[in-house]
Amino acid sequence: MAASLSTLLDVHFLVPQADTKRNPFITIRQKPNNRRLNITCNSSKSSSDQSQTLFESPNPNSPSLSDQLKPLSSTTLSTTNDPHAQLLSKPKSIWINPTKPRRYVLSLQRQKRSHFSHNPDVRDFKRFARKLNDSDYSESSFMSVLEQIPYPVTRENALFILNSLKPWQKTHLFFKWIKTHKLFPLETIFYNITMKSLRFGRQFELIEELANEMVSNEIELDNITYSTIITCAKRCNKFNKAVEWFERMYKTGLMPDEVTYSAILDVYGKLGKVEEALTLYERGIASGWKPDPVTYSILAKMFGESGDYDGVRYVLQEMKALGVQPNVIVYNTLIEATGKAGKPGMARSLFEEMLDSGFTPDEKTLTAVVKVYGKARWSKDAMELWEKMRSNKWPMDFILYNTLLNMCADLGLEEEAERLFEDMKGSEHCRPDSWSYTAMLNIYGSGGKADKAMLLFDEMSERAIDLNVMGCTCLIQCLGKAKRIDDLVRVFDLSVNKGVKPDDRLCGSLLSVVSLCEQISDASKVLSCLQKANSKLVALVKLVEEEQTNFETLKSEFRDVIRNTVVDARRPFCNCLIDICRSRNLHGRAHELLYLGTFYGLYPDLHHRTADEWSLDVRSLSVGAANTALEEWLGTLAKFVQRNEALPELFSAHTGAGTHKFSQGLANAFASHVKGLAAPFRHSENRAGSFVANREDLVDWVQSRIPSAVSP
DNA sequence: CTAGGGTTAG
């Protein structure tokens, strides 16, 4: 793929670069983040990441900036060879410099479609098409029905049938039938219609076969052919093929129109090649193209995928500059993109602007907005939105319902979720599915409502809705917290028997229950579940609990388990192991595990030091791990005090403010631990979720405890 | 899906 940019820029476009200096229209608009300066070949990173490449030496495979900016006149087609040369005389568009011949990367006129007329006998053919569609799948029975085709089989009738058939196999068979019977010459449109059907079946190989057949039979490939090929390749994730056919189009001298052009723009977007897409876009603009909303939807989606706020702003700015009005889809994409870029306020104003412009939001709009509000923890806005949805009778679908439920789970809105869930049960088209149940189990799990969770579990069996692995994880967490170990074992065994494949998160959940078990007998019941899912992890637990275990053995087994664990579950595993140690009074082992976790990079942001302040951030730690980390830290500080080394004015520990309704635990546990140690940390008044101590108090405290060491 | 491009869920 790395070659595409250079080929597009240097060979196939065969056009001079837009003169942005002389072009008053372009110069007023800024590319996001000065993108011009950091063109990279594989720009899948976000714009902020890309800034790192700003001063690096250029990739030898990618054209240098000056290469890209130099006029390509030496390699271009001459003006007179340009099939669209007449466009050069396009009268006084303000941004076209009339003294400078301009080359075009796309045709400003969309390919016209010839519409085929309906015959009087279309009714017969309609009936016959239905018969073919109802026929058996096999080639032989399709062909036997086909023998009864009404007459005359004119070009129009054949096109009508071709257009009506599905699935793709039947379209393809009928196409071959037309070909063998040679009733009339196969024009481009026959190929185009057939390819479209093949695209539904994602049959890229067959499409390519037809395209090559067109080339060898000298049947013209037009913009419709190319855009169909390109979008099929895209849907089959054959992006290199999409680019290849786009380049082939230029080679044959055919200009893409805006449909084909935006199709390839989307290919670059899907590849995360932001620079390339922008270059294409700008060259289109420089050709005098006024893109339609589809193009901006593609660009907005691309920026949304990388969470690029500057990019989203660029899209808005461009639309405004060119006077393109967004439609519902563009608004949907923009709202989604601003949400992903972490700008909920912007997303909300876009939504309001959309309503003010008289648009009715659809399911996708509302799903996007709900996600934004949930992520931003804007419960009030979310609930107001829900009321509006009901009173305006805006459309709902089950994805929107499930998104609302997930949002309630994130915000801890149990009653609201229950109301929604009841709504779903009473609805015709949005009955709760396994995702809905998972969201409810999540809510009950976080809220410690084991009874309600078990009722749902039973209800799922009655309704034959499968519990998925996440639902199982939530339920197990919930039952573990409620100390209902026998129910937990029953749920686990039933789920596994029904085909739930335990993943690392589920194992983490079981492990955390082990740390909560006060009775050895309970712990061993849970461990026997874990044994079936991850026996190595159980072996590690045994090793951790065994006082005789030497550190090197622990280290190598720990590394082994962590290496075979998905990244997201690694820190939770270590947290739980530490909690197990703390609950078994194995404090030394807990410190060893914290050391190993830090050593293997599971706690990368635990410590921060500036000249004025040293801080400890335990927000991603469990209670036991946080306490262990605090002890470790105080021990280190004590050594500093004893050695009379330079200390900052302020010390702080961050436990998080617990914005989540159910997540107050860490701060409370931390406070009581601090109290137990009589350490001089106090809740910070101006920083929620932080404990602070000043140097003087801390030094006094350490000295009062000397010579007894603070930490092991 | 009436020859071609864009949007929704842990």
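These values consider heavy atoms only, across backbone and side chains, with no hydrogens, waters or symmetry-generated copies. So you know, we letter chains A, B, ... as the sequences are listed, proteins then strands, and number each from 1.
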| query | What nucleotide among B:dA9, B:dT2, B:dG6 has an atom nearest to a side-chain atom of A:S297? | reply | B:dG6
| Earlier contact from the 5' end, DNA chain B, for A:R110 and A:K166 | A:K166
| field | A:I399 side chain, from C-beta outward: closest of B:dT8, B:dG10, B:dG4 | value | B:dT8
| request: Mind checking A:T188 for me? I need base, sugar-phosphate or nothing, with any heavy atom below 4.0 Å counting as a touch. | output: nothing
| request: Pick base, sugar-phosphate or nothing for A:K371, based on heavy-atom distances below 4.0 Å to the nucleic acid. | output: sugar-phosphate
| task | Would you indicate which nucleotide in B:dT2, B:dG6, B:dT8 comes nearest to any side-chain atom of A:F160? | result | B:dT2
| message | Do A:D310 and A:F303 make a side-chain contact, defined as non-hydrogen atoms from C-beta onward lying under 4.5 Å apart? | response | no
| field | side-chain N/O A:K364 vs B:dA9 OP1/OP2, d < 4.0 Å | value | no
| message | I want to verify a distance call: between B:dA9, B:dG6, B:dA3, whose nearest atom is closest to the A:K234 side chain? | response | B:dG6
| message | Can you say whether a donor on the side chain of A:T260 sits under 3.5 Å from an acceptor on the base of B:dG4, or the other way round? | response | yes
| query | Do we get A:K238 above A:F204's six-membered ring, with its NZ or CZ under 6.0 Å from the centre and within 45° of the axis? | reply | no
| message | Taking donor-acceptor contacts at under 3.5 Å, does the side chain of A:R505 reach the base of B:dG10? | response | no
| task | Please tell me which of the listed nucleotides, B:dA9, B:dG4, B:dG10, lies nearest to the side chain of A:F398? | result | B:dA9
| task | Taking only the side-chain heavy atoms of A:N163 (C-beta and beyond), determine which of B:dG5, B:dG10, B:dA3 contains the nearest atom. | result | B:dA3
| request: Report the nucleotide, chosen from B:dA3, B:dT7, B:dG4, that has the shortest atom-to-atom distance to any side-chain atom of A:V259. | output: B:dG4
| said: One pair to check against side chain to side chain contact (heavy atoms under 4.5 Å, CB included): A:N192 and A:D222. What are the steps and the verdict? | reply: CA-CA 9 Å; A:N192 288 350; A:D222 61 13; 3.3 Å; yes
| task | Determine whether any donor atom in the side chain of A:T228 lies under 3.5 Å from an acceptor atom in the base of B:dG4, or the reverse, and answer yes or no. | result | no
| query | Checking all strands, does A:V328 fall into the base, sugar-phosphate, or nothing category for heavy-atom contacts under 4.0 angstrom? | reply | nothing
| query | Does a nitrogen or oxygen in the side chain of A:R235 sit under 4.0 Å from OP1 or OP2 of B:dG5? | reply | yes
| note | Side-chain atoms of A:T367 come closest, of B:dT8, B:dG5, B:dG10, to B:dT8
Can I get a per-line list of side-chain donor-acceptor pairs under 3.5 Å for residues 500-510 of chain A, giving both atom names and the distance, sequence neighbours left out?
residue	atom	partner	partner atom	Å
A:D503	OD1	A:R505	N	3.3
A:D503	OD1	A:L506	N	2.9
A:D504	OD2	A:V566	N	2.8
A:R505	NH2	A:D568	OD2	3.0
A:S509	OG	A:T473	O	3.4

| message | On the side chain of A:D257, is there an atom forming a donor-acceptor pair with the base of B:dG5 - under 3.5 Å, no angle test? | response | no
| query | Has the side chain of A:N332 got a donor or acceptor that lies under 3.5 Å from a partner of the other kind on the base of B:dT7? | reply | yes
| remark: Closest of B:dG5, B:dG10, B:dT8 to the A:V294 side chain is B:dG5
| Spacing of A:L221 atom CG and A:I229 atom CD1 [to the nearest 0.5 Å] | 5.5 Å
| Per A:D362 side chain, nearest of listed nucleotides B:dT7, B:dG5, B:dA3 | B:dT7
| request: Answer yes or no for this row: A:Y226 ring on B:dG4 base, centroids under 5.5 Å, planes under 30°. | output: no
